[in-house]
Amino acid sequence: GVGSSVAMPVKRSTAKNSFDLNDAEKLQRLEQQKTDKWHVFADGEVILKKGFVNKRKGLFARKRMLLLTTGPRLIYIDPVQMIKKGEIPWSPDLRAEYKNFKIFFVHTPNRTYYLDDPEGYAIHWSEAIENMRKLAYGDPSSTSAV
Ligand code: 4IP
């Protein structure tokens, strides 16, 4: 648990669920990422996927930069004000659902996030999120009966 390790601070965010990046790969990716304008929002995590999405809440949709990072984390940023607006909370119950080319949902226990990718790559988002979930928490569908 927290505080159980007092080892090198650099290992803080290195978890077994870091999208299969080992420590060396992660450090290398972080080094390369420093020139990325979205790096400052990634909280020391490696950005695995990024892109503009429209996030609908109520009647309106807001254009946000969405980052899928190691951790795992899903961070969204207002690209005009350049401020982080929030995060989609991860848990083993999170599910990404592909609706059509543009629309995908992220279901969490307390909220469904309605997202659209104006470029039409919603399937890439839903697959990346589902792959991360399986990696981080395991894939129930691949568990053999016991
Ligand atoms: C806002 O609507 C934005 O959609 C917010 O998104 C959203 O917060 C607010 O929902 C919603 O009321 P207006 O901009 O039209 O006021 P964002 O934070 O990306 O700007 P989240 O972050 O939760 O989607 P509430 O219920 O969280 O306040």
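As the structure lists them, so they are numbered: ligands from 1, and atoms in each ligand from 1.
- Protein heavy atom at the shortest distance from atom 20 (O) of ligand 1 is R64 NH2, 2.6 Å.
- With hydrogens left out, the protein atom closest to atom 18 (O) of ligand 1 is K85 CB, 3.5 Å, a heavy atom.
- Looking only at protein heavy atoms, the nearest one to atom 22 (O) of ligand 1 is Y76 OH, 2.6 Å.
- Of all the heavy atoms of Y113, none lies under 4.0 Å from any atom of ligand 1, so neither backbone nor side chain is involved.
- The environment of R95 atom CZ is dense: over 12 non-hydrogen atoms of other residues, nucleotides or ligands sit within 6.0 angstrom.
- Aromatic ring centres of F105 and Y113 lie farther apart than the 6.0 Å criterion allows.
- For atom 14 (O) of ligand 1, the nearest protein heavy atom (residue, atom name, distance) is R62 NE, 2.7 Å.
- The number of heavy-atom neighbours closer than 6.0 Å to CZ of F101, taken from other residues, nucleotides and ligands shown, is 12 or below.
- Annotation: the span from I88 atom CD1 to R111 atom CZ amounts to 8.0 Å, rounded to 0.5 Å.
- Shortest contact from atom 23 (O) of ligand 1 to any protein heavy atom: R111 NH1, 2.8 Å.
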Take W90 and R133, measure what side chain to side chain contact (heavy atoms under 4.5 Å, CB included) needs, and give me the verdict at the end. CA-CA 9 Å; W90 271 94; R133 181 180 60 76; 3.7 Å; yes
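- Protein heavy atom closest to atom 28 (O) of ligand 1, with residue, atom name and distance, is K57 NZ, 4.6 Å.
- Distances from atom 16 (O) of ligand 1 to the protein include no heavy-atom value under 4.0 Å.
- Around atom 6 (O) of ligand 1, the closest heavy atom drawn from E87, K55, R56 belongs to K55.
- For atom 12 (O) of ligand 1, the protein comes within 4.0 Å by no heavy atom at all.
- Taking CG from L21 and OG1 from T70, the interatomic distance works out to 6.5 Å, rounded to the nearest 0.5 Å.
- The residues E45 and K26 are annotated as salt-bridged, a charged nitrogen and a carboxylate oxygen being separated by less than 4.0 angstrom.
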